[in-house]
Amino acid sequence: MAGKNIAVDIGSHSIKVLAAKSSKHGVILTRFQAVQTEQGMAALAGAGLPLGGVVCGLAGRDMNLRYSQVPPTPDWQLKNLMDLEIQDLSQQSGGSLSADYNLLPTQDAEAGVDTVLLALAKDDALDRLRSVIAEAKGTVSGYTPNCIALYNAYLKCGPVEQDAVVCLANLGHETIDIALVKGTDLLFARNLSGGGKVLDDAIAAAFNVSPRKAEALKSELLDLDPASRGRYASGQAEKVTMAAGGAANAIVAAIQSSLAFCKAQTKIADLRLDKVLVAGGSARLRGLRGLLREALRCPVELLDPFENLDLSQLPPGDAEQLQAMRYEAVVALGLDRKSTRL
């Protein structure tokens, strides 16, 4: 995060804007504001935020990640290979694409191949995001996939453990961003549909209630912790948990399948998770960490990189908002000008 950085993370429930700057002592947060997505960026227009040249996050249908394995080649030749692949994908998609790529760290030097992570987004999706930012008279300088932003936040401010294999999972309302990291190396990243909404849908179907009521029942009564089985706080809590239990297993499956894909790609047959760090609004679900611990058989903790940042320059109102949304704001912290951009 060189110099100043302004990031915008547009989620299904909220829009987060974060401004930070780097110093010799680390990262300093200078602003943080959030509004409900339905209010739009215009609700932030009077907050005095520096919205020129922001970095905007990408998730869900707005972008796609692909992996290519190529023999070790000079940079110019790799660029030609990627340009050809992007042209082919643009023709297949039926619309113009913006793209960027980078080499992932080599895990097996004797394999004789390099793995390239390619990020793509349809230009009309980027135009739509630019229009949203323009509502607050802002401009966009680049885009970063949210799963890469999650890795950036961990790398810059998280509790990085040398050689430990860590799964970073940002659990939003409609999407799940996952990054698998070994030490400081990014092994694998992906974005999936899902998140807390699948639990809302299951509860809404079981009780024949509105999505808003289902979300309230989830927040008030759901308890996914295996230790709570047979001793829920109430009969209603048990019914809500039983209704959403199958949907909650989709979060476990997302992490397990990501690990399987990563094993196949890296050829590390004995790859095992040492820890899972969760962020995002759905990371707060009661008992979720207990569910993940039992299924994945490793420690599961909340990812809070803000513990390691200088927050002294945040205005009081911004600091209060950040305190209430620490886990939802992790992706915004990692939206960096220097990372993969479209």
Checklist entry - Is there a path from V113 to I268 through hydrophobic residues (I, L, V, M, F, W, Y) whose side chains come within less than 4.5 Å of each other? => result no
Checklist entry - side-chain contact (heavy atoms from CB on, under 4.5 Å) between N80 and T73: does it pass, once the steps are laid out? => result CA-CA 11 Å; N80 289 340; T73 57; over 6 Å; no
Item to check | Main-chain N/O of V54 paired to S141 side chain as donor or acceptor, under 3.5 Å | outcome: yes
Next on the checklist: Has D310 got a side-chain atom pairing as donor or acceptor with I28's backbone, closer than 3.5 angstrom?
Outcome noted: no
Checklist entry - In Å, rounded to the nearest 0.5 Å, how long is the span from CG of L97 to OG of S90? => result 3.5 Å
Checklist entry - Would a 4.5 Å heavy-atom cut-off, applied to side chains only, mark L129 and I133 as touching? => result no
Checklist entry - If only atom types and distance count, is the side chain of R190 paired as donor or acceptor with the main-chain N or O of F261 below 3.5 Å? => result no
Item to check | Stepwise side-chain contact (heavy atoms from CB on, under 4.5 Å) test for D163 and D274 | outcome: CA-CA 10 Å; D163 296 328; D274 294 307; over 6 Å; no
Checklist entry - Is it true that a side-chain atom of T139 and a backbone atom of G53 form a donor plus acceptor pair closer than 3.5 Å? => result yes
Checklist entry - Which heavy-atom pair separates L335 from V8 by the least distance, and what is that distance? => result CD1-O, 3.4 Å
Next on the checklist: Are L187 and L104 packed together at the side-chain level, in the sense that at least one heavy-atom pair is separated by less than 4.5 angstrom?
Outcome noted: no
Checklist entry - Do N191 and N146 have side chains that get closer than 4.5 Å, going by heavy atoms? => result no
Checklist entry - Heavy-atom distance under 4.5 Å between the side chains of L29 and L333, does that happen here? => result yes
Next on the checklist: Taking atom CG as the centre, does D124 end up with more than 12 heavy-atom neighbours from other residues, nucleotides or ligands that are less than 6.0 angstrom away?
Outcome noted: yes
Checklist entry - Which atom pair, heavy atoms only, marks the closest approach of I6 to G52? => result CD1-O, 4.0 Å
Checklist entry - How long is the span from the CG atom in L303 to the CZ atom in R326, to the nearest 0.5 Å? => result 11.0 Å
Checklist entry - Charged N to carboxylate O below 4.0 Å: is that the case for D75 and K79? => result no
Next on the checklist: In this structure, would L103 and L120 fall into the same cluster of hydrophobic residues linked by side-chain contacts under 4.5 Å?
Outcome noted: yes
Item to check | Exceeds 12 heavy-atom contacts within 6.0 angstrom, atom CD of Q69 | outcome: yes
Checklist entry - Is the number of heavy atoms from other residues, nucleotides or ligands within 6.0 Å of CG (N208) greater than 12? => result no
Next on the checklist: V181 vs Y151, test: side-chain contact (heavy atoms from CB on, under 4.5 Å). Steps then yes/no.
Outcome noted: CA-CA 8 Å; V181 182; Y151 165 66; 3.7 Å; yes
Checklist entry - Got L291 and N249 here, is their nearest side-chain heavy-atom distance under 4.5 Å? => result yes
Next on the checklist: Looking at K263, I'd like to know if its NZ atom is crowded, meaning that more than 12 non-hydrogen atoms belonging to other residues, nucleotides or ligands lie closer than 6.0 Å.
Outcome noted: yes
Item to check | Whether over 12 other heavy atoms sit under 6.0 Å from R130 CZ | outcome: yes
Next on the checklist: Within the 3.5 Å criterion, strictly below it, is a donor on S228 or R286 matched to an acceptor on the partner's side chain?
Outcome noted: no
Item to check | Atom pair CG/NZ of L309 and K156 - distance to nearest 0.5 Å | outcome: 11.5 Å
Checklist entry - Minimum heavy-atom separation for S282 to G195, with atom names? => result OG-C, 4.4 Å
Checklist entry - Any chain of hydrophobic side-chain contacts (each under 4.5 Å) joining L221 to M242? => result no
Checklist entry - Is there side-chain contact between H173 and D200, with heavy atoms separated by less than 4.5 Å? => result yes
Next on the checklist: Using a 3.5 Å distance criterion without hydrogens, assess whether the side chain of D100 forms a donor-acceptor pair with backbone atoms of A119.
Outcome noted: no
Checklist entry - In Å and rounded to the nearest 0.5 Å, what is the CG to CZ distance from L117 to F188? => result 9.5 Å
Checklist entry - Does R293 reach the main-chain N or O of V300 with its side chain, forming a donor-acceptor pair under 3.5 Å? => result yes
Item to check | Side-chain heavy atoms of V278 within contact of L302, under 4.5 Å | outcome: yes
Next on the checklist: Please check: side-chain N/O of K197 versus main-chain N/O of G194, any donor-acceptor pairing under 3.5 Å?
Outcome noted: no
Item to check | Backbone N/O of L126 and side chain of Y143: donor-acceptor pair under 3.5 Å | outcome: yes
Checklist entry - Are any side-chain N or O atoms of T241 and backbone N or O atoms of D223, one a donor and one an acceptor, separated by less than 3.5 Å? => result yes
Checklist entry - Can you find a pair of side-chain heavy atoms, one from Y232 and one from K239, that are under 4.5 Å apart? => result no
Next on the checklist: If you apply the rule side-chain contact (heavy atoms from CB on, under 4.5 Å), what do you find for L51 with M41, and how did you get there?
Outcome noted: CA-CA 10 Å; L51 295 175; M41 286 290 294; 4.1 Å; yes
Checklist entry - Quick one: which of Q33, Q313, Q323 gives a side chain to side chain donor-acceptor pair (under 3.5 Å) with D318? => result Q33
Checklist entry - Looking only at heavy atoms, what is the nearest atom pair of A59 and D177, with distance? => result CB-OD1, 4.1 Å
Checklist entry - Are S68 and E85 linked by a side-chain donor-acceptor pair shorter than 3.5 Å? => result yes
Next on the checklist: Minimum heavy-atom separation for T37 and G11, please, with both atom names.
Outcome noted: OG1-O, 2.6 Å
Item to check | Rounded distance [0.5 Å steps], CZ in R61 versus NZ in K122 | outcome: 11.0 Å
Item to check | Over all atoms of both residues, closest heavy-atom pair of S96 and D123 | outcome: OG-OD2, 2.8 Å
Next on the checklist: Main chain of V70, side chain of D114: is a donor-acceptor contact present, judged purely on distance under 3.5 Å?
Outcome noted: no
Checklist entry - Does E328 come within less than 4.0 Å of R284, counting only side-chain N to carboxylate O? => result yes
Checklist entry - Distance from L180 atom CG to L273 atom CG, nearest 0.5 Å? => result 6.5 Å
